[in-house]
Amino acid sequence: MGGRYSSPLGRKQRRYLRGCTAAMMKNFLPYYERQLATAFLRQVSGELDLQGKLALQLLQSKTQRAPRATLCDGLLSQYDEDSQRWKENYFVILGDLTLEWFESKEALGKGCEPRGSTALSGYLLLTSQSEYTKLVSSLCQGFAGGSSQQGCNALADPPGEFLFFLYHPFRRHFCFCTNSAESQRLWKSALQDGIRYHSTELQRRDSFEAEAFLEAVRFYRQERGSYRAGDLLLGVEAEFLQEAYTLILSQVSSEFKVFQRDQEKLQIQLEKKIRPDLDQMLTLKDQIARKLQAMVHSAAESCCCQRVEPDLDFVMEELMRPISSGAEMVRSLFAERVDEMVRTVRNSPIAVLQKELLTLGRTSWMPEIMQPCYEKADVYKESLQRLERFGFHSMTSLVLGAQNLMQQLMQNSIYTFQQLSEQRLSQATNCNQVVQILENVKDRVLKKFDYDSSSTRKQFAQEWLVQIFLPFLLKHLESRCKLELPKYESYVFADCSGIISVENIYEEMVLSVLLKAISKALKEASGRNKHSLYRDSFFCVLESVDNPLPEVTAHALSEIRMGALSSSSALDTVNPPTCQVNKSASGEKIW
């Protein structure tokens with residue numbers, strides 16, 4: 001608790017864990033290979049679709065922070081489990097939102113290696129000591145010597161009153177104390193930003209490899225009877241302690257590095273196989289879908305009508321309200337920041353304008369400024385609790401996804417404002433003209449913002465309605481449909497067997513039925529003009545109802561499927577498709 005919470009593993013324990021990990025990877029990798037082929041086929045077919053991407057009006061910013069820039073730093077009192085005392089360390093949050101700590105500020109300035117470093121994925125930030133103690137106690141149940149009472153008693157005498165905690169079920173915990181409420185607030189904002197950034201890294205990658213991995217995780221879990229979104233694949237209860245987690249993490253990383261070398265060869269083979277025969281493969285998929293239609297379509301429609309549609313309006317309303325409030329606050333914050341800049345430059349030299357534009361550009365990367373917007377997403381934690389009856393437990397992923405959308409809207413708005421301003425300001429000859437141009441550009445950007453906000457919020461609702469209801473539908477259709485799928489495997493030609501999957505076609509058919517119902521609900525909401533939704537900004541991925549497998553565009557399907565699994569609710573010991581080297585809390589390189 002707060003330091004290390006496991007004793008060294010014995011040789012027999014290490015051998016056992018290595019065997020379990022190797023077996024798990026041997027079982028999982030075939031799912032990943034299959035989904036790589038399926039996702040690559042979808043990407044290639046999507047290259048022919050010129051209307052697959054959501055049309056937006058704001059310029060799309062790809063600006064990133066400098067990885068080694070210092071975003072937040074300072075001395076923090078930290079509880080040390082070994083000595084059971086509070087110690088001061090110098091902590092730094094870098095531009096890539098990694099947390100590092102040093103013996104002192106001087107050690108950082110001299111370029112010394114940090115005492116430790118950790119990515120913040122999967123962490124939970126708490127400010128309540130009782131809540132933290134409760135989580136630790138629950139984690140320790142069932143383990144010999146697992147009582148956390150002694151450590152909790154030591155925490156009862158902190159050097160100050162402003163406590164906050166970083167909790168993770170399998171990794172090192174951090175117990176901090178600051179000397180002021182303001183310091184606590186700044187650190188909380190920065191750490192929360194780091195948690196959001198790292199926990200959604202895989203979902204933000206626009207690649208078929210990332211899509212394939214998320215799909216492979218889902219299929220892997222479903223084959224083992226788990227349709228619940230949000231379960232940790234390592235178990236509902238805590239099964240691994242710190243050293244075990246580190247050992248498994250390093251072994252899985254090693255296994256994936258080996259697989260990545262094979263994956264490059266596999267992608268070359270897929271290129272040679274899919275591109276020349278794309279039309280034939282898509283025709284074969286359609287033929288198999290038609291054969292499946294009699295079994296799947298009516299059962300899926302009946303199940304969707306009876307079990308999903310009665311709850312769609314309620315769930316959609318619960319999804320739209322917080323994200324709409326957050327987007328409205330982003331809009332207001334953008335307008336306020338621009339108005340502040342205009343007041344500053346109104347009676348200042350032109351040279352000040354460039355500095356102010358740069359300052360404006362940092363807004364979306366400043367968590368303490370964006371925090372009021374992000375807090376709107378916290379409403380989900382309370383408002384969607386009733387979704388547990390659908391097997392949905394990915395509330396953290398939902399909150400982080402909503403916050404990502406807010407940040408992207410702010411970033412795109414500022415980037416568009418900067419670009420349009422620079423184009424127009426060369427025409428200005430005096431201060432009054434500068435101010436007028438800035439005001440006009442702001443109004444233009446706000447109109448673009450309103451359109452994009454409507455479009456992206458609808459897409460957000462669509463993605464999460466799928467994440468909530470698709471596993472629920474698949475679970476209820478399992479006995480009626482999925483068990484019949486092996487009968488259709490013979491229709492897949494031998495040379496397409498590694499690329500076309502009957503199970504994927506089946507799920508796409510179920511998805512098309514669900515999307516039809518979601519599309520109808522969202523269009524009705526737009527017609528009622530609720531939450532400032534524009535009718536013409538709706539992005540519907542279904543265009544045909546005659547085809548048994550309506551053409552779901554590659555980009556749209558990718559966006560839908562990339563929406564929910566976060567690293568805190570997927571294979572927490574796996575972070576493919578790119579293996580990165582990070583350090584454990586003890587400084588050991590583990591990934």
Side-chain angles (χ1 to χ4, degrees), residues 2-3 63-79 87-127 160 162-168 171-201 204 359 361-375 396 399-400 403-404 406-407 410-411 566-568 575 580-587 589-591:
T63 307
Q64 296 294 327
R65 288 166 284 209
R68 301 302 299 177
T70 298
L71 301 183
C72 186
D73 64 320
L75 282 173
L76 286 175
S77 293
Q78 178 190 7
Y79 182 75
K87 289 184 174 181
E88 277 196 340
N89 279 315
Y90 197 81
F91 283 82
V92 179
I93 297 180
L94 299 174
D96 62 359
L97 293 167
T98 297
L99 181 67
E100 291 186 350
W101 56 97
F102 299 81
E103 181 179 358
S104 63
K105 185 175 183 179
E106 290 71 24
L108 169 64
K110 292 176 181 177
C112 297
E113 285 292 312
R115 282 185 164 182
S117 172
T118 187
L120 294 166
S121 53
Y123 273 97
L124 179 63
L125 180 63
L126 304 166
T127 54
F162 302 102
L163 296 169
F164 57 102
F165 309 87
L166 286 175
Y167 169 86
H168 194 289
R171 292 161 65 186
R172 174 180 184 148
H173 298 182
F174 295 87
C175 308
F176 295 122
C177 183
T178 68
N179 57 8
S180 69
E182 177 63 14
S183 176
Q184 183 195 50
R185 185 185 68 80
L186 291 174
W187 276 104
K188 280 173 53 185
S189 297
L191 288 168
Q192 200 68 267
D193 219 35
I195 292 170
R196 176 179 58 83
Y197 180 83
H198 284 288
S199 296
T200 59
E201 183 178 358
R204 289 183 283 105
T359 301
R362 291 193 286 269
T363 300
S364 65
W365 301 111
M366 302 173 74
E368 68 276 13
I369 293 177
M370 293 292 296
Q371 193 62 32
C373 305
Y374 295 156
E375 286 174 356
T396 298
V399 170
L400 299 181
Q403 292 171 344
N404 281 342
M406 295 174 202
Q407 186 193 35
M410 177 64 84
Q411 193 172 347
S566 76
S567 54
S568 61
N575 188 26
Q580 300 177 351
V581 177
N582 287 327
K583 294 181 180 179
S584 70
S586 61
K589 290 184 178 180
I590 56 176
W591 200 308

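When a residue number appears, it is its place in the shown sequence, counting from 1.
Take Thr363 and apply the side chain to side chain donor-acceptor pair (under 3.5 Å) test, not counting sequence neighbours, and it matches Arg337. Partners of Tyr90 according to the ring-ring contact (aromatic ring centres under 6.0 Å, His included) rule, which considers only residues two or more places apart in sequence or in another chain, do not exist here. In this structure, Gln371 has no side chain to side chain donor-acceptor pair (under 3.5 Å) partners at least two apart in sequence or on a different chain. For Asp96, the side chain to side chain donor-acceptor pair (under 3.5 Å) partners two or more places apart in sequence, or in a different chain, are Thr98. Applying the salt bridge (charged side-chain N to carboxylate O under 4.0 Å, His left out) rule to Glu88 yields no partners; only residues at least two apart in sequence or on another chain are considered. Taking the salt bridge (charged side-chain N to carboxylate O under 4.0 Å, His left out) definition, one finds that Arg362 meets it with nothing, sequence neighbours left out.
Annotation: side chain of Asn89 is not in contact with side chain of Leu76 (no heavy-atom distance under 4.5 Å). Residues Leu191 and Phe164 have side chains in contact (heavy-atom distance under 4.5 Å, counting atoms from C-beta outward). When side chains are defined from C-beta on, Cys175 counts as touching Phe165, because their heavy atoms get closer than 4.5 Å. Contact check for Lys105 versus Leu75: no side-chain heavy atoms found under the 4.5 Å cut-off. Counting heavy atoms from C-beta outward, Leu166 and Ile195 have side chains that approach closer than 4.5 Å. Side chains of Leu120 and Leu99 form a contact here, defined as non-hydrogen atoms less than 4.5 Å apart.
The SG atom of Cys177 sits 8.5 Å away from the CD atom of Gln184 when rounded to the nearest 0.5 Å. Once rounded to the nearest 0.5 Å, the distance linking CZ of Phe91 with CZ of Phe174 reads 6.5 Å. For the atom pair OG of Ser189 and CD of Glu375, the computed distance is 7.5 Å after rounding to the nearest 0.5 Å. Taking CZ from Arg196 and CE from Met370, the interatomic distance works out to 7.5 Å, rounded to the nearest 0.5 Å. Distance CG/Asn404 to CD/Glu201: 11.5 Å, rounded to 0.5 Å. Annotation: the span from Glu100 atom CD to Leu94 atom CG amounts to 4.5 Å, rounded to 0.5 Å.
Not a single donor-acceptor pair under 3.5 Å links the side chain of His168 to the backbone N or O of His173. In terms of modelled atom types and a separation under 3.5 Å, the side chain of Glu368 and the main chain of Leu186 share no donor-acceptor contact.
Scanning both residues, Gly74 and Trp187, for their nearest heavy atoms gives N-CZ2, 3.6 Å. Between His198 and Ser121, the shortest heavy-atom contact is CB-N, 3.6 Å. Closest heavy-atom contact between Gly122 and Ser199: N-OG, 3.0 Å. Contact record, Arg115 with Phe102: CD-C, 4.2 Å, taken as the closest heavy-atom pair. Heavy-atom minimum distance, Ala190 versus Ile93: CB-CD1, 3.5 Å.
A cation-pi arrangement is found for Arg204 relative to Tyr197, the charged atom lying closer than 6.0 Å to the ring centre and inside a 45° cone about the ring normal.
Salt-bridge check for Lys110 with Glu103: failed, with every basic side-chain N at 4.0 Å or more from each acidic carboxylate O.
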Derivation of the side chain to side chain contact (heavy atoms under 4.5 Å, CB included) call for Trp365 and Asp193
CA-CA 9 Å; Trp365 301 111; Asp193 219 35; 5.6 Å; no
Run Glu182 and Arg185 through side chain to side chain contact (heavy atoms under 4.5 Å, CB included) and show every step you take.
CA-CA 5 Å; Glu182 177 63 14; Arg185 185 185 68 80; 2.6 Å; yes
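Side chains of Thr118 and Arg171: a donor on one and an acceptor on the other come within 3.5 Å.
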